[in-house]
There are 2 protein chains.
Amino acid sequence: MTNQTTKMYLQIVRELRLLIQSENIRPGGKLPSERELAERLQVGRSTVREALRSLELLGLIETKRGEGTFLTDFRKHKLVEVLSTFILQDTKTIEDVHITREIHEKEAIRIVAGSTVLNQLPVWASLLKQLQEDGSIVREDLIREILISSNNRLSLKMWFLLKQYGEEPYQGHSEDEENHAIQQLLTAIMDGDIEQAIRSYSAWTKWLTQGRETT
Amino acid sequence: MTNQTTKMYLQIVRELRLLIQSENIRPGGKLPSERELAERLQVGRSTVREALRSLELLGLIETKRGEGTFLTDFRKHKLVEVLSTFILQDTKTIEDVHITREIHEKEAIRIVAGSTVLNQLPVWASLLKQLQEDGSIVREDLIREILISSNNRLSLKMWFLLKQYGEEPYQGHSEDEENHAIQQLLTAIMDGDIEQAIRSYSAWTKWLTQGRETT
DNA sequence: TTTTTCAAAGTGGTCTGACCACTCAATGAA
DNA sequence: TTCATTGAGTGGTCAGACCACTTTGAAAAA
């Protein structure tokens, strides 16, 4: 039992993955209790905990004392402390996270704008209307909508994670300059003008980035 | 003692960071033993282990039974690997894996071709020469070179994983049609012609995809 | 003296059982 | 019906016990 080549807790991480899959546990769903897992996997509870703690540190699960362990909702903005204090200490890495997130965003824009089906989706007109009436729009909402429409679940998931790990305060108070870029982006998407959409996106992103750096 | 608002193991992660800093432990260096840490921090050994296992899963430390715990290079963190086992779990759509890999490839091409520094790298001319002389070139080698040159480690890591996951036999026997596309791609990169580079890449990819589907 | 052997100490890996703190729902009293 | 209580379930932590493995240094052999 204790004579494995692979470490037990890593095996448990794997088992958990399978369990989540086979029992179709969705984000927010509850995992079996530590004691039950120990029993089912025939290992000690402390070993199960080592695996769970690892996943918790990664932000993949959430634990609530007295309640249980839950699968994390990717959408939830929960900053993983280590990443900021440990890994993401390296500025180059932080930059890579942002850039990589933007890669996925840009490609989604290209796909949506380039598809005569996708760029006619009523959601774009609706968002544009909201922008003009309310005078503001949440960046995340718009981008998410685009990612979802681009219809690549893998890319969407990566985006969620990158966003989570790249954590940064996109201030909601849109200024005119930003709104202009967003409006251009939406319009370009609806027009199917890929290049213009990308240009608008870049302008928008640049606007945000500058705001971030000057802080 | 057990009445903290912050979880003990997270506090230990923090303590460890400070300890590493204050004792100036460098990558490869040895950390205090689990028993010593438990003693110094006045916590149980199992709690220390929960913290250590978390950091190990992230690839921040390495443990060797009978020897001890060692610090690894931060830059070697396993964030992508670990997350991928969970992300790729239900997103079984092979199609998405391919498309997402291509997203990263295309963006790298854009970056390299768009940089007057990167597109002048001697490696492109060298590869072009190899193609013309040998009449063939390994797709993976070329793409990897581009990814590396684009200078985004995170993206590079993702690419490696996606490649591994999408695993497919890119037959090496280049035919004239394929060689033509590759040659165009390399030339376009050196010319700094982003659009042409992307077109050539797409043509090349399409050629491969067709070969894949007919199989 | 030099080399070999091997037992002890140190370290991570795992299990067990014990409490504590907290949540929730069923139970029973008002 | 409403409210208070209590007990079961769950995560948080600890202490102590073995096991498997590596290093090391002292004793034995050459």
Send over the distance from [X] [atom1] to [N] [atom2], rounded to a whole Å.
X: Leu41(A); N: dT16(C); atom1: CG; atom2: P; result: 13 Å
X: Tyr9(B); N: dG12(D); atom1: OH; atom2: C1'; result: 11 Å
X: Lys7(B); N: dT10(D); atom1: NZ; atom2: P; result: 17 Å
X: Glu67(B); N: dC21(D); atom1: CD; atom2: C1'; result: 9 Å
X: Leu10(A); N: dG12(C); atom1: CG; atom2: C1'; result: 14 Å
X: Glu50(A); N: dT13(D); atom1: CD; atom2: P; result: 14 Å

Of Arg35(B) and Thr47(B), whose nearest nucleotide on DNA chain D comes first from the 5' end?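 This one resolves to Thr47(B).
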Tell me whether the OP1 or OP2 atom of [N] has a side-chain N or O from [X] closer than 4.0 Å.
X: Thr63(A); N: dT10(D); answer: no
X: Arg49(A); N: dG11(D); answer: no
X: Thr69(A); N: dT10(D); answer: no

Listed by chain and number, what are the side-chain hydrogen bond (donor to acceptor under 3.5 Å, both in side chains) partners of [X], not counting sequence neighbours?
X: Glu107(A); value: Lys106(B)
X: Ser155(B); value: His104(B)
X: Thr100(A); value: Asn152(B)

So Ser46(B), base contact, sugar-phosphate only, or nothing? Heavy-atom distance under 4.0 Å.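 Base: the residue Ser46(B), judged by heavy atoms under 4.0 Å, touches a nucleobase.
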Which part of the nucleic acid, if any, lies within reach of Gly44(B) when heavy atoms closer than 4.0 Å are counted: base, sugar-phosphate only, or nothing?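 If one applies the 4.0 Å heavy-atom cut-off, Gly44(B) turns out to touch the sugar-phosphate alone, with no base involved.
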Pairing residues for Glu34(B) by the salt bridge (charged side-chain N to carboxylate O under 4.0 Å, His left out) criterion, not counting sequence neighbours: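 Result, salt bridge (charged side-chain N to carboxylate O under 4.0 Å, His left out) vs Glu34(B): Arg45(B), Arg49(B), Arg53(B).
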Quick one: do Glu39(B) and Arg35(B) make a salt bridge, cutoff under 4.0 Å?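 Arg35(B) and Glu39(B): not salt-bridged.
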By a strict heavy-atom criterion of less than 4.0 Å, which residues belonging to residues 27-34 of chain B are in contact with DNA chain C?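 Correct list: Ser33(B), Glu34(B).
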Regarding Glu56(B) and Tyr9(A), is there a side-chain donor-to-acceptor distance under 3.5 Å anywhere?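 There is such a pair (donor and acceptor under 3.5 Å, judged by atom type) between the side chains of Glu56(B) and Tyr9(A).
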Per the salt bridge (Lys or Arg N to Asp or Glu O under 4.0 Å) rule, what does the pair list look like for residues 21-33 of chain A, sequence neighbours excluded?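 Salt bridge (Lys or Arg N to Asp or Glu O under 4.0 Å) check on residues 21-33 of chain A returns Glu23(A)-Arg40(A).
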Check this for me: does the side-chain of Arg53(B) come within 3.5 Å of the base of dG13(C) through a donor and an acceptor?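 Under the 3.5 Å cut-off, the side chain and the base do not form any donor-acceptor pair.
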